Structures are given as structure tokens and as C-alpha cells.
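Worksheet: one structure, shown below.
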Amino acid sequence: MSGTHGTRRTSGHRPDPVPPEATAATGGTGDRQASLDAVARRAREVVPAAGVITDHARLRTYECDGLAHYKVTPGLVVVPETVEQLAAVVRACAEERLPFVARGSGTGLSGGALPRADGVLVVTSRMRAIREVRREDQRAVVEPGVINLDVTRAAAPYGYYYAPDPSSQQICSIGGNVAENSGGAHCLKYGFTTNHVLGAELVTPDGDVVELGGAAPDSPGYDLLGAVVGSEGTLGIVTAATVRLVRAPEEVRTLLAGFASTDHAGAATSAIIAAGIVPAAIEMMDALAIEAAEAAVHCNYPQGAGAVLVIELDGAAVEVEHEFVGVERLCRDNEAFEIRVATDPAERALIWKGRKSAFAAVGRISPDYIVQDGVIPRTALPEVLRAIADLSESSGVRVANVFHAGDGNLHPLVLFDESVEGAGQAAEKVSGAILDLCIGHGGSITGEHGVGIDKAAYMPRMFSDEDLDTMQLVRCAFDPHGISNPGKVFPTPRLCGEVPGKHKGAHPLQEAGMAEVF
Amino acid sequence: MAATSSTTGRAGTTDDAARAALGSACERVRDATPDDAVDGVGPALVACPGSTAEVAEVMRAAAAHGLTVVTRGRGTKTTWGRAPASADLVVDLSAMDRVLDHAAGDLIVETQAGTRLADVQETVAAAGQRLGLDEMVPGASIGGALATGSSGPGRLATGTLRDLLIGVTMVRADGVVAKAGGRVVKNVAGYDLGKLVHGSFGTLAVVTEALFRLHPLPAARRFVTVPVEDPAHADRLTQAVVHAQVVPGALEVDVPADGPGTLTVLLEGIAEGVLGRTTATLDLLGAGATAGDAAPEGWGAYPWAVTATGDQRASAVKLTFALSGLADVLSAARRGPAPVHVRGSSGVGVVYAAIPSGSDPAAVAGSVGLLRAACSRHGGSAVVLDAPAAVKDVIDTWGPVPGLDLMRRVKEQFDPDRRLAPGRFVGGI
């Protein structure tokens with residue numbers, strides 16, 4: 001759900017409305033408008049007229065994704081219906097050396113679909129066929145514009161579902177999920193998109209169509225599919241995905257437990273993990289997040305809770321029934337003062353409603369907020385939550401915490417009011433400090449939302465120059481001309497013709513004054 | 001003494017300058033012996049570095065002197081793939097054999113690449129945990145398992161190293177050390193280089209350290225086995241089990257070259273759960289199904305003798321297919337000119353076939369051709385992992401590889417001078 005209450009930003013700390021990486025020249029020279037016109041002409045030859053958009057007012061409707069803080073009006077928008085059309089457009093971009101950016105549903109939280117003013121936005125929303133569902137192979141083949149939840153809806157009559165379940169699954173697209181390697185609450189047990197995508201049809205930045213992987217696992221050769229999933233649109237555009245379907249579990253049991261503090265809830269989580277139990281999900285919310293959820297959806301969580309856990313077990317009925325008893329006991333042993341067990345799907349949905357509404361809900365208690373996505377080792381949870389609380393207290397900036405307790409993926413919601421002078425900067429400072437905390441504890445700057453434009457500046461804090469250089473060898477192989485979603489993920493692009501080695505400092509084009517900074 | 005193979009490899013050579021450079025780079029460098037040959041291609045030298053830094057020094061020296069390099073873990077799968085075009089230097093990682101860290105509370109373990117899989121299991125078992133990977137070849141190293149993408153019955157429940165790897169340290173052909181991933185399971189920062197090196201046969205970089213996610217050791221396990229009469233029967237039972245609610249930890253078929261085979265379901269979990277699921281599985285599999293605590297013979301082992309060498313080797317084939325292709329693949333195994341023993345996961349669509357040593361290479365080729373066609377009909381592939389030289393000479397061991405051009409471009413970026421295990425991998429990479 002995109003932020004409807006005030007501005008929502010993620011960890012962006014830049015004062016400019018558009019960071020330089022978003023617009024640095026890709027190396028193509030010549031008249032950009034002429035190139036855009038050439039691509040538009042080529043697009044009109046293959047794509048139905050309604051799918052080639054040049055009208056400025058309509059272009060503006062694509063100016064941002066779920067990260068509404070950054071806005072760039074694309075030079076051209078194309079909405080192809082088939083892989084042939086999409087490949088023709090990309091080929092035209094390649095010929096003109098124009099950058100292109102892919103967009104699914106535009107719900108991403110890291111600005112991965114932020115367009116280029118000098119480039120083409122390729123929107124996949126009309127490529128939304130579920131090409132096949134094969135129960136006997138536990139597979140489905142879907143196009144990138146298919147909505148995540150619709151895959152599950154198509155598989156449900158066969159007793160199957162598509163496991164990766166981001167909170168935005170009612171509107172986010174499979175193509176976007178593949179680009180970001182999306183997770184969701186149930187990834188603790190079931191893994192992420194990369195564990196559920198077995199094959200993909202990819203349009204490379206040259207405009208060629210290649211098959212990666214397939215219906216069977218372990219394709220011979222390099223696991224290029226493994227590199228493409230989570231590459232955030234920088235290695236081409238996926239136009240079909242073969243996904244794994246999982247047998248819908250025989251039994252699902254959900255409980256909501258109220259604790260006096262996040263320390264108690266964290267201890268309960270550790271106890272459950274230590275007992276060798278692998279729940280399908282363990283989610284935690286702190287008092288401030290609970291307050292917001294209550295205001296938004298009236299989920300009626302336990303009164304006075306310093307923290308709640310939503311714990312779900314699924315699997316064979318006989319297994320779940322016995323394990324659940326153990327989970328309840330461990331919660332009580334760790335001083336849960338109230339435990340509610342869902343007895344039917346409606347109660348289960350109500351328990352989840354609070355958690356799933358959390359991001360949007362903070363809009364009720366704060367005009368603006370930044371949502372973070374850092375990861376820490378689970379055992380560091382109490383220490384990091386305390387550090388976040390200290391940060392909040394010393395800075396006067398409120399932070400609501402919602403997170404995947406099972407795997408240490410935090411979603412701190414840093415609350416502020418843009419209209420108060422200095423509040424935005426203070427919030428960004430706290431937000432950045434939280435990311436540093438995650439890195440300092442051996443974690444990650446992003447667990448599921450992606451780096452995009454939002455966290456590219458933090459990549460050098462997590463990875464060395466050599467690490468980033470090595471990753472970019474892959475990019476050079478797929479996209480030697482740097483036209484596939486340039487400016488995302490890596491703060492300093494690697495010039496692909498050069499000898500491998502260290503790169504330091506600003507991009508040479510920026511230094512030469514050739515890169516544009518708005 | 002350097003050996004040459006009947007295929008293309010030339011004996012390894014190094015000049016005095018190269019030897020001196022390697023000697024400065026690494027404490028332990030020695031002349032190669034015939035035992036160090038890589039599928040018949042003899043290197044000149046073997047380096048045994050003890051740390052990532054030392055590996056980097058070795059690779060820098062090798063780069064400076066244009067040496068081709070083959071990396072070796074514990075040498076259990078040295079003959080997999082094709083014989084390298086050349087192997088001047090073997091980088092042996094067996095001295096890098098320590099578990100570096102086991103964070104039990106976070107369910108992660110960090111190891112060096114030369115660590116024995118068995119040692120990892122022993123370390124993490126102390127906290128009631130396991131690395132979800134079967135040791136298909138006794139004595140195998142983590143690095144070798146990663147480089148060859150080897151896996152066994154348990155992949156149905158826990159995936160392969162592709163799914164378990166969360167962080168990796170590698171040394172590039174130019175000696176640069178790079179890391180990807182990290183210490184946490186949830187991590188989408190940057191490209192997933194771990195997946196890229198998984199199954200890459202040492203042709204992209206030298207992996208020196210890796211981090212993996214762990215799983216709890218199950219409290220109870222039971223095996224339910226039933227004889228299978230024919231491919232259609234194996235297919236029916238497989239479909240019944242995968243669509244049921246028994247949540248198998250593994251689902252394996254074992255079909256010899258002649259006669260009936262068996263299908264076995266492994267159930268793991270808490271005692272009460274395993275009890276109930278065992279009863280349900282016995283019902284599913286029907287008459288003749290029996291339950292027991294012991295793994296059936298050959299469980300978690302490839303269907304060929306892993307210690308055989310030279311012409312004593314069986315032809316070892318990896319077959320992949322969409323699940324519903326099982327009957328077709330098993331029929332193809334029976335139809336060909338050579339005897340084929342099939343064993344593997346019908347629940348995943350990955351099985352292994354063994355054709356005895358001494359089989360006529362033309363017959364092996366005929367059987368592989370039929371198997372490859374069957375797998376291909378079901379979206380999969382047939383790869384000859386290993387075979388006697390005479391068989392490798394007459395068979396396209398890797399088979400067709402979609403996306404090969406893109407793979408070549410990736411190889412060119414990582415190893416522009418083509419010095420890492422040249423010729424072992426797909427498309428001559």
C-alpha cells in the first residue's frame with residue numbers, strides 16, 4: 001500500500017529531490033530527444049498505440065513507485081503486451097544507447113522503478129497472463145504483470161499456493177518480486193522468491209530473449225537465474241517466470257501473544273527457535289506500532305502490551321497440533337500475559353490484519369514516516385532494539401518497530417512531521433544510524449525491499465570496493481553499455497571496458513562534469 | 001612425472017620464475033605426483049594455502065605467470081566434468097579445513113572451503129542442528145560440494161547448497177578477494193554471487209570461505225519403503241505422496257538395471273508427528289509397504305562406486321525433469337543398449353544413473369541419448385558427470401545449454417585469460 005498519509009520515505013538521507021545516480025549519463029551521446037523519438041517510432045510499429053505514451057501529463061503519472069519521495073518524469077512510457085514487443089523496444093533502446101527502467105505494479109519501496117528522464121519506462125502490467133498451472137509438476141508459468149496473490153488464487157483449486165507473500169501481495173507483481181527477491185512474513189519457513197523461481201524468460205539489455213533455468217531444477221551451466229533474481233532490473237527484464245507451487249498445508253494455527261516488552265517477546269522467540277521449532281512465521285510489533293494498527297484497523301490487540309508476537313505454524317495436522325502446544329507453553333514460560341489462538345479463518349485474518357496494516361497504519365499517528373528494512377542476526381535483537389530506543393529518546397524522534405522476529409529483518413518506522421523545521425533531517429539521521437547499527441552487528445541494509453536508489457549510498461558501508469567491483473563484473477557481462485536500470489543498486493558504476501581493479505571516488509563522468517545532477 | 005589424457009589436456013608446465021613466485025606466495029608448494037592428475041591431466045605444481053590471504057597471493061602469482069589453475073577441495077570429485085585443457089597448478093584447499101564459527105542461536109555456520117562436510121555436521125550437531133546437505137561422497141569438502149552442486153535425498157525438504165549458502169568469500173583469477181551475501185539469511189543487498197559460483201566447477205573464482213543457514217536436527221525419523229513394479233507404478237506413488245499431506249523429508253526411487261525397484265519416503269519431525277505421518281504414508285503406498293528406523297541400503301549415496309578410478313569408473317549421469325516425467329525417464333533407462341541403474345529423488349525431479357564400467361562407449365552414448373531426450377521432453381537435462389575417458393571422448397557430456405552465450409560473457413568478465421579450470425565446464429568454458 002503506497003503511503004497515503006503524508007510523505008513516506010525510506011532511508012534516503014540526500015537533500016536533493018533526485019540523487020545524482022538516478023541521472024548520471026550512461027555514456028550515450030547525441031540528442032536524447034531524437035533518440036527517444038526514434039524509440040517511440042519503433043515502439044509504435046509493434047505495440048498498440050495506447051501502449052506508447054508521450055503525453056506529458058500521462059508520463060507524470062509514472063514518476064515514482066512506492067518510494068514517493070523521489071520523482072522523475074520518464075522520457076517515454078511503453079506498455080507492451082508480448083515478449084516480442086518488449087524485446088523490440090529494448091532492442092531499440094540498445095541501438096540508441098538509451099537507458100530503460102522496468103516497472104511492474106510500481107509498489108516497490110526502494111525506488112527501483114524510478115524512471116529516467118532521458119530514458120524509457122517499460123511497464124509490464126499488460127503482460128499478466130497465467131500461462132499454465134500444472135499440479136502434477138507443482139509448477140506454474142506466469143507473466144511479470146501477474147499479481148502475486150493471483151498466482152495463489154490460480155493454484156488454490158488444485159490445493160496449492162505460491163509461498164512468497166509480501167504484505168503488498170494483493171497488488172505487487174511477480175516481475176517486481178523477481179527483481180527484488182521479495183520475501184514476506186512466511187519466508188522464515190518457506191524462503192524467498194529466489195527459492196520459488198525455477199526458470200525465467202529474460203529479455204537481455206541487448207534485446208535478445210534467453211531462457212534461464214526451466215521446469216526442472218539444476219540446469220547445467222552457470223546459475224544465471226540465481227544472479228538475475230534480486231538484481232533489481234539491472235540485468236534485463238523478465239518476461240515469464242516458471243514458479244514452484246507449494247502444497248497448501250493441512251493445518252494452519254495462529255496465535256497472538258501479548259508481552260510486557262520486546263525483551264520478553266524476543267526471549268520467547270529465542271526459546272521457540274532453540275526448541276528446534278520452525279514456525280511458518282514469527283512477527284513482532286512494539287507498543288507504538290500496536291497503537292498505530294489499533295487506530296487504523298481496530299485489531300484489538302492485547303491491552304497494554306509492550307510487544308506482541310504473531311506466531312503461525314503450518315504443516316501436517318498431527319505435527320502442527322503437537323508443536324503448537326509447545327509454542328503456547330514457551331510463550332507462557334516467557335511471561336506472555338495474554339495468548340489468543342485463532343479458531344477459524346476469520347480470527348486468523350483478524351490477528352494478521354494488525355500486522356499487515358502496520359506500515360500504512362503509522363500514517364494515523366504521524367503525518368510522515370520513513371520505513372526501514374535492515375537485518376540483524378536474531379540473537380542481536382534485544383541489544384539492537386534497545387539501541388534504537390536510545391536513539392529515539394536522545395533524538396526525540398519516535399520509532400515504531402514491526403519486524404520478522406524469526407529472521408531478524410527489522411522494519412523500523414521512523415516518524416516525523418515534514419512541516420516542522422528540521423524534523424525531516426532528524427528523522428533521516430536516525431534512519432541512517434539504524435542502518436549503521438545493522439551493519440555493525442553483521443547484518444544487512446536490506447532484507448527484502450531492495451537497494452534501488454534508496455540505499456545505493458550505503459552499499460560501500462556494507463561491501464568493499466572489491467566486493468562491489470566483483471558484483472559489477474556480472475553487470476558488465478549482461479549490460480556492457482549500462483542501459484538496464486542504470487543508477488540503481490551500485491553508487492559508482494563500473495566502466496565495463498576497463499581492466500578489473502579498484503575504483504575509488506566519484507564516477508569519472510561526474511568528475512568530468514558530464515553527468516547531470518538535478 | 002606428468003600424465004596426459006586421451007582427450008585434450010596437455011601436461012602442466014611451469015618455468016623457474018613461476019615456481020619461485022609461487023614459493024614466495026605460499027609456504028607449502030610441492031611438485032605434483034601422478035596422484036595429483038586432474039582426470040588424466042597432470043599439473044606441474046600443487047600449492048596448499050592455509051588462508052584466504054595466501055590463496056590471493058597464489059592466484060596473483062599464477063596470474064603474473066599465466067598459469068592455469070584447478071582448485072581441489074578434498075579431491076573426491078576431481079574427475080567430474082570434462083578433463084581440463086590444461087592444469088599447470090592445483091590449488092589444494094585441504095589445509096583450510098576449519099569450522100570458523102557456529103552461531104547456534106542464529107542457526108548459521110561459517111566454514112573454510114576445505115572443511116569436511118562430516119566435520120561441519122559434527123560441530124553443529126552439538127547444538128542439535130544440521131547443515132541440510134547429504135554427504136553423497138564420503139570425505140567430501142564444503143568447497144567441492146559447492147563447486148559441483150552435489151546434493152542428495154534431503155534436498156526435498158532443505159534444498160541444496162544453492163538455498164543454504166548465505167555468504168561467500170572468493171578469490172578472483174586476478175587475486176582480488178571479494179565477498180558477497182553476509183551473515184544473515186534475509187539479505188537482498190547486491191547480486192547473489194553465491195548462486196553464481198554454486199555448480200560452477202571452479203571456473204569463476206576460488207571460493208575460500210562460506211556461511212550457511214542451518215536447520216534443527218529432527219527429533220524423530222522413519223523410513224517407509226515399498227517395492228515398485230514398473231515406471232508407471234513409481235510415477236503413481238510419487239504423485240500420491242507429493243500431493244498428500246505427509247510432508248516428506250525425502251522421496252527416493254532406486255531402480256536397478258533389471259528387476260523391480262523400491263520407493264522410499266523419509267519422514268522427519270517430532271515423534272508424535274512422525275508417528276501419524278508414517279501411518280498415513282503406509283496407507284498411501286499400499287500393499288507391501290513397510291516402515292523402519294534404518295535407511296535402506298544405498299541411501300544418500302550415488303548409484304556408482306565413488307572410489308573407482310580410470311577405466312574402472314562407471315558412467316555417472318545426472319538426470320533432471322519436471323516431476324510428471326518420471327515414468328518416461330525410467331522407461332528410457334530400461335530401453336537403451338546399456339544397463340542403467342537409477343537412484344534419486346522422484347519428489348524433486350533429480351535422479352542419478354550409473355552405467356557400469358566396461359560398457360561399450362557406443363552403448364553408453366545410445367542410452368545417454370535416450371535419457372537426454374526423455375529429460376528434455378520434461379523440461380530437464382541429462383549431464384554425464386563422470387565416465388571413463390573412452391566414453392567422454394564420444395559423448396557430449398554436458399549436453400545442450402540454453403543461455404551459453406551469456407555464460408561465456410560472465411566467464412570472460414571473471415576470468416578473461418581463461419585460466420581457471422579451462423575446458424572442464426559447459427561449452428568448453
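What you are looking at is a predicted structure, and each value in this text was computed from that prediction instead of being measured. To find a chain, count down the sequence lines: A is the first, B the second, and so on, and within it residues start at 1.
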Residue pair Leu193(B) / Met471(A), side-chain heavy-atom distance below 4.5 Å: yes
Any donor-acceptor N/O pair, Asp192(B) side chain to Ala227(A) backbone, under 3.5 Å: no
Given side chains that start at C-beta, do those of Val410(B) and Leu224(A) come closer than 4.5 Å, heavy atoms only? yes
Check this for me: does any side-chain nitrogen of one of Asp467(A) and Lys179(B) sit under 4.0 Å from a carboxylate oxygen of the other? no
Glu319(A) and Glu268(B): which non-hydrogen atoms are nearest, and at how many Å? OE2-O, 4.3 Å
Mind checking whether His243(B) and Tyr158(A) have ring centres under 6.0 Å apart? no
Can you tell which part of Leu404(B) gets under 4.5 Å to a heavy atom of chain A, answering side chain, backbone, both or neither? neither
Residue by residue, which of residues 156-169 of chain B have a heavy atom closer than 4.5 Å to a heavy atom belonging to chain A? Arg162(B), Asp163(B)
If one checks every heavy atom of Pro400(B) against chain A at 4.5 Å, the contacting part turns out to be backbone
Decide, yes or no, whether a salt bridge links Arg155(B) with Asp218(A) under the criterion of side-chain N to carboxylate O below 4.0 Å. yes
Going by ring pair (Phe, Tyr, Trp, His ring centres under 6.0 Å), name the residues that satisfy it together with His378(B), two or more places apart in sequence or in a different chain. none
Any side-chain heavy atom of Glu180(A) sitting closer than 4.5 Å to one from Val188(B)? no
Do Arg135(A) and Leu323(B) come within less than 4.5 Å of each other through their side chains, counting heavy atoms only? no
Heavy-atom contacts under 4.5 Å, residues 195-203 of chain B to chain A: Lys195(B), Leu196(B), Gly199(B), Ser200(B), Thr203(B)
Please determine if Asp407(A) and Arg213(B) form a salt bridge, counting it only when a charged side-chain N lies under 4.0 Å from a carboxylate O. no
Quick check against the 3.5 Å criterion: does Arg378(A) have a side-chain atom that pairs as donor or acceptor with the backbone of Gly105(B)? yes
Return yes if a side-chain donor-acceptor contact under 3.5 Å exists between Arg172(B) and Thr470(A), otherwise no. yes
Any idea which of Val426(B), Val247(B), Leu406(B), Leu217(B) has the most non-hydrogen atom pairs under 4.5 angstrom with chain A? Leu406(B)
Can you list everything that forms a ring pair (Phe, Tyr, Trp, His ring centres under 6.0 Å) with Phe321(B)? Sequence neighbours excluded, please. none
Using a 3.5 Å distance criterion without hydrogens, assess whether the side chain of Gln245(B) forms a donor-acceptor pair with backbone atoms of Glu250(A). yes
